[in-house]
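Heads up, the thing below is written out as structure tokens.
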Amino acid sequence: MSLLCRLGHHRSEAPGVWNDGLYFGRCGRCGEQLIRRPDQAWTRVPQDYVVVWADRRPQPTAR
């Protein structure tokens, strides 16, 4: 883990995925899973939490 990440200065590799009022992402330097509120900085996901990365729900097809 880089020194910046150890100091809590993670950088998300993408703008993040929005879900239920929170953004989720991964640090581009160390790969840690990150979470943030719209008005706060990125932080590591708490150890007791699990982020489940899944594809979007399939769209219904027209018949």
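If you're wondering where the values come from, they're calculated on a predicted model, not measured in any experiment. Because only heavy atoms are used, hydrogens play no part in the values below, and waters and symmetry mates are left out as well, while side chains stay in.
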> When rounded to the nearest 0.5 angstrom, what distance separates NE2 in His10 from CD1 in Ile35?
Replying inline: 13.0 Å
>> So for atom CG, which belongs to Asp39, do other residues, nucleotides or ligands contribute more than 12 heavy atoms lying within a distance under 6.0 Å?
In response: yes
>> With a 6.0 Å cut-off (strictly less than), is the heavy-atom count around CZ of Arg11, excluding the residue itself, greater than 12?
In response: no
> Where is the tightest heavy-atom contact between Arg26 and Leu34, given as atom of each residue plus distance?
Replying inline: C-CD1, 3.9 Å
>> The criterion is salt bridge (charged side-chain N to carboxylate O under 4.0 Å, His left out); which residues satisfy it with Arg44, sequence neighbours excluded?
In response: Glu32
> How close do Cys27 and Cys5 get, heavy atom to heavy atom, and via which atoms?
Replying inline: SG-SG, 3.6 Å
> Are side-chain heavy atoms of Pro15 and Tyr23 found at a separation under 4.5 Å?
Replying inline: no
> About how many Å separate OG of Ser2 and CG of Leu7, when rounded to the nearest 0.5 Å?
Replying inline: 8.5 Å
>> Taking the side chain as everything from C-beta on, heavy atoms only, tell me whether Arg36 gets closer than 4.5 Å to Leu22.
In response: no
>> Is there a path of hydrophobic side-chain contacts, each under 4.5 Å between heavy atoms, that joins Trp18 and Phe24?
In response: no
>> Side-chain heavy atoms nearer than 4.5 Å, only ILVMFWY residues, links allowed to pass through others: does that put Val17 and Val45 together?
In response: yes
